[in-house]
Every structure is written in C-alpha cells, then in structure tokens.
Amino acid sequence: MKTILTMFVAMLALSFTSCKKESDKEATPAESSPEKVAVKEEPAFEPFKVMVITHTVKDFDTWKKAFDEHESVRTASGLTLRALGRDMDNPNKVYVFLNMEDLQKAKDFAANPELKERMKKGGVTSAPEFIYADVIRFEESPATLKGRVRIGHKVKDFDAWLKGYDAEGKETRMVNGLVDRAISRSIDDPNMVYVTFAISDLEKAKARIKDPALKKIMTDAGVIGKPDVVFYNAVE
C-alpha cells in the first residue's frame, strides 16, 4: 500500500511540472508581446542648385520641339529639366528651370554658340536671361495649383530679411492666396533673393503683392529697390 501511495504522489508531481513548463512556454514574451511598427522618417531637405533661363518665343510648340531635341547636350553639361513655366500675360514668354550639377559647366553651356543657334531654330525672339541660384528652401505644393508668382529683389542683409519673412508667417500668406514653394539666392550675388509661391487664389495673390502692408514688411526687412514680380503657369 505504501508503495502504491508513493507512486501516486510521484505521478502528480510529474504532471504538475509538465503543465508548468507548457504554461511557461505559452507565456514567452516574444510570442505574447505586440509587434513593433517601423516609422518611416521623411528625408531631410537638402539645398540644390538651379539655372533659370527666361526668353520670349514665336510659338511655344515649335520652341518646345527644338528644346526637347537639345536634351542630350544639356545632360552632358550637368543640366536636367526641373520645370517649365509660361507667363500669364504673355504665354510665349517662357521660364525654364534646370537642375544644375556644376556652375562652370552651366555657364559654359550658356555661352556656347550652339545654344544660340538652337534657340534661333526654336524661334526665340529675345535675348535670353540666365540666373544661377541656390535653392535653400523648397516645399511641394498641391498638383492642382498651376499658377505661380516669383518675386525677385535685392536685400541689405539676407539673414535680417529672412527673419522678417518668417515673421510674416506662412499662414498669413496662405490667407492671401500664396502657398510657400521656394526661396533661392543668386550664386553671383547672394543678396539677390527669389521667392516663389504657388497660387491658390489669383485675385487675392495680386492684391497682396500690391498691398502697402506687404511693402512695409519688405522695407522693414531690408528690401532694396522695386521688386521684380512675374506671374506664370507651370507647364506639364
């Protein structure tokens, strides 16, 4: 009888140990804890360089064909198309925005007689204007907004001007139909600044550009002389 009782106790102990191990296995932290979700971080903005060409053409479609045929020459000079714009008042006035890898190569490209011949073939009727700039701020705007306004002006001190610009505030500009897009500084003259906005309301944007309140903000920020303002539409 004592032997049977001893065997019964041993079986109970074995059963308890087995159940405990199974319970511990089910409670393994790796299996019971929720999976961690990786959060993708947006890449930090990096300033880039652009070359901007402005000129007037006889016919946009004829010019565009000649422009496209010249792509390989631009690429060899470290220039790639970023965007095209057509002036709102004169659609045959064209703004060409090119990503620029090397300033000297870009200037050599602009001085190349072949470019002059290519422009002539494309129907360019005005002397081209070339701007080389560092884009220090850039924000994508809604694809539905095709209207743009670029304000170019010289400033006494860039840092002081930027402080005044930021004090005006993005929200104030948005209320007035202006959506922040880019701030650029001329490479040849860093105190020459170009500010570009997408336009959400053309009437409000034009009114804001003429607003004495904006003129005061610009004057207080150190803007020198009369700003050069151009309204254009982005081209697909």
Side-chain angles (χ1 to χ4, degrees), residues 45 47-48 50-57 60 82-98 126-236:
F45 169 74
F48 56 93
V50 294
M51 174 183 183
V52 185
I53 307 173
T54 304
H55 50 47
T56 304
V57 301
F60 179 80
R82 184 174 188 87
L84 288 177
R86 300 180 72 179
D87 195 86
M88 287 188 185
D89 293 329
N90 178 11
N92 281 335
K93 187 175 183 179
V94 183
Y95 304 92
V96 184
F97 301 88
L98 302 166
S126 67
E129 175 192 28
F130 299 96
I131 295 174
Y132 309 92
D134 286 309
V135 180
I136 62 167
R137 287 190 188 177
F138 181 82
E139 298 182 38
E140 290 288 354
S141 52
T144 53
L145 301 182
K146 301 299 182 184
R148 302 280 188 272
V149 57
R150 187 189 71 185
I151 304 171
H153 50 53
K154 195 163 185 177
V155 300
K156 295 177 183 177
D157 178 84
F158 178 78
D159 292 334
W161 170 83
L162 188 60
K163 184 177 180 180
Y165 175 84
D166 287 337
E168 178 193 22
K170 181 186 297 188
E171 292 75 16
T172 298
R173 292 187 286 271
M174 289 184 69
V175 168
N176 288 284
L178 300 167
V179 180
D180 286 15
R181 188 164 175 85
I183 296 178
S184 307
R185 300 179 71 181
S186 168
I187 293 175
D188 295 323
D189 180 2
N191 281 334
M192 185 66 198
V193 182
Y194 301 92
V195 188
T196 303
F197 302 98
I199 300 172
S200 60
D201 187 308
L202 183 58
E203 186 175 341
K204 286 183 177 180
K206 287 187 174 182
R208 181 59 174 172
I209 298 301
K210 297 178 181 178
D211 190 347
L214 178 60
K215 183 177 180 179
K216 185 178 186 310
I217 290 173
M218 295 172 74
T219 301
D220 290 346
V223 171
I224 303 171
K226 184 179 179 181
D228 177 39
V229 181
V230 295
F231 287 88
Y232 64 95
N233 290 309
V235 178
E236 294 289 347

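The basis for the numbers below is simple: all heavy atoms, side chains too, and nothing from hydrogens, waters or symmetry mates. Sequence positions, counted from 1, serve as the residue numbers for this chain.
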When you compare the side chain of [Y] with that of [X], does any pair of heavy atoms fall below 4.5 Å?
X    : Y    : value
K156 : V223 : no
E139 : V179 : no
L202 : F231 : yes
H153 : V193 : yes
T196 : Y232 : yes
I131 : Y95  : no
D180 : R137 : no
V195 : W161 : yes

Item checked: Side-chain donor-acceptor pair present, Y132, D188, cut-off under 3.5 Å ->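 Per modelled atom types, Y132 and D188 side chains form no pair under 3.5 Å.
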
Side chains of S141 and R181, donor plus acceptor under 3.5 Å: yes

Would you confirm whether D211, through its side chain, and A213, through its main-chain N or O, come within 3.5 Å as a donor-acceptor pair?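 Yes, the answer is positive, given that a donor and an acceptor are paired below the 3.5 Å cut-off.
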
Spatial distance of atom [atom1] ([X]) from atom [atom2] ([Y]) [nearest 0.5 Å]:
X    : Y    : atom1 : atom2 : result
D134 : F48  : CG    : CZ    : 10.0 Å
D220 : E168 : CG    : CD    : 12.0 Å
I209 : L178 : CD1   : CG    : 5.5 Å
K163 : F158 : NZ    : CZ    : 14.5 Å
K226 : D228 : NZ    : CG    : 9.5 Å
N233 : K146 : CG    : NZ    : 10.0 Å

Practice prompt. Determine, stepwise, if the pair M174 / E171 fulfils side chain to side chain contact (heavy atoms under 4.5 Å, CB included).
Written response: CA-CA 5 Å; M174 289 184 69; E171 292 75 16; 5.6 Å; no

[X] and [Y]: which non-hydrogen atoms are nearest, and at how many Å?
X    : Y    : answer
V175 : K204 : O-CD, 3.6 Å
H55  : I53  : CD2-CG2, 3.8 Å
V135 : A182 : CG1-CB, 4.4 Å
R185 : P190 : NE-O, 2.9 Å
I224 : V155 : CD1-C, 3.8 Å
S186 : Y194 : CB-CE1, 4.3 Å

Under the criterion side chain to side chain contact (heavy atoms under 4.5 Å, CB included), I'd like the reasoning laid out for R208 against T172: C-alpha separation, chi angles, the key distance, then a yes or no.
CA-CA 10 Å; R208 181 59 174 172; T172 298; 3.9 Å; yes

Can I199 and K206 be said to form a side chain to side chain contact (heavy atoms under 4.5 Å, CB included), step by step? CA-CA 10 Å; I199 300 172; K206 287 187 174 182; over 6 Å; no

Practice task
Check the pair L84 / V96 against side chain to side chain contact (heavy atoms under 4.5 Å, CB included), numbers first and verdict last.
Solution key: CA-CA 5 Å; L84 288 177; V96 184; 3.8 Å; yes

Is the positively charged end of R173 above the ring of F197, judged by distance under 6.0 angstrom from the centroid and angle within 45° of the axis? no

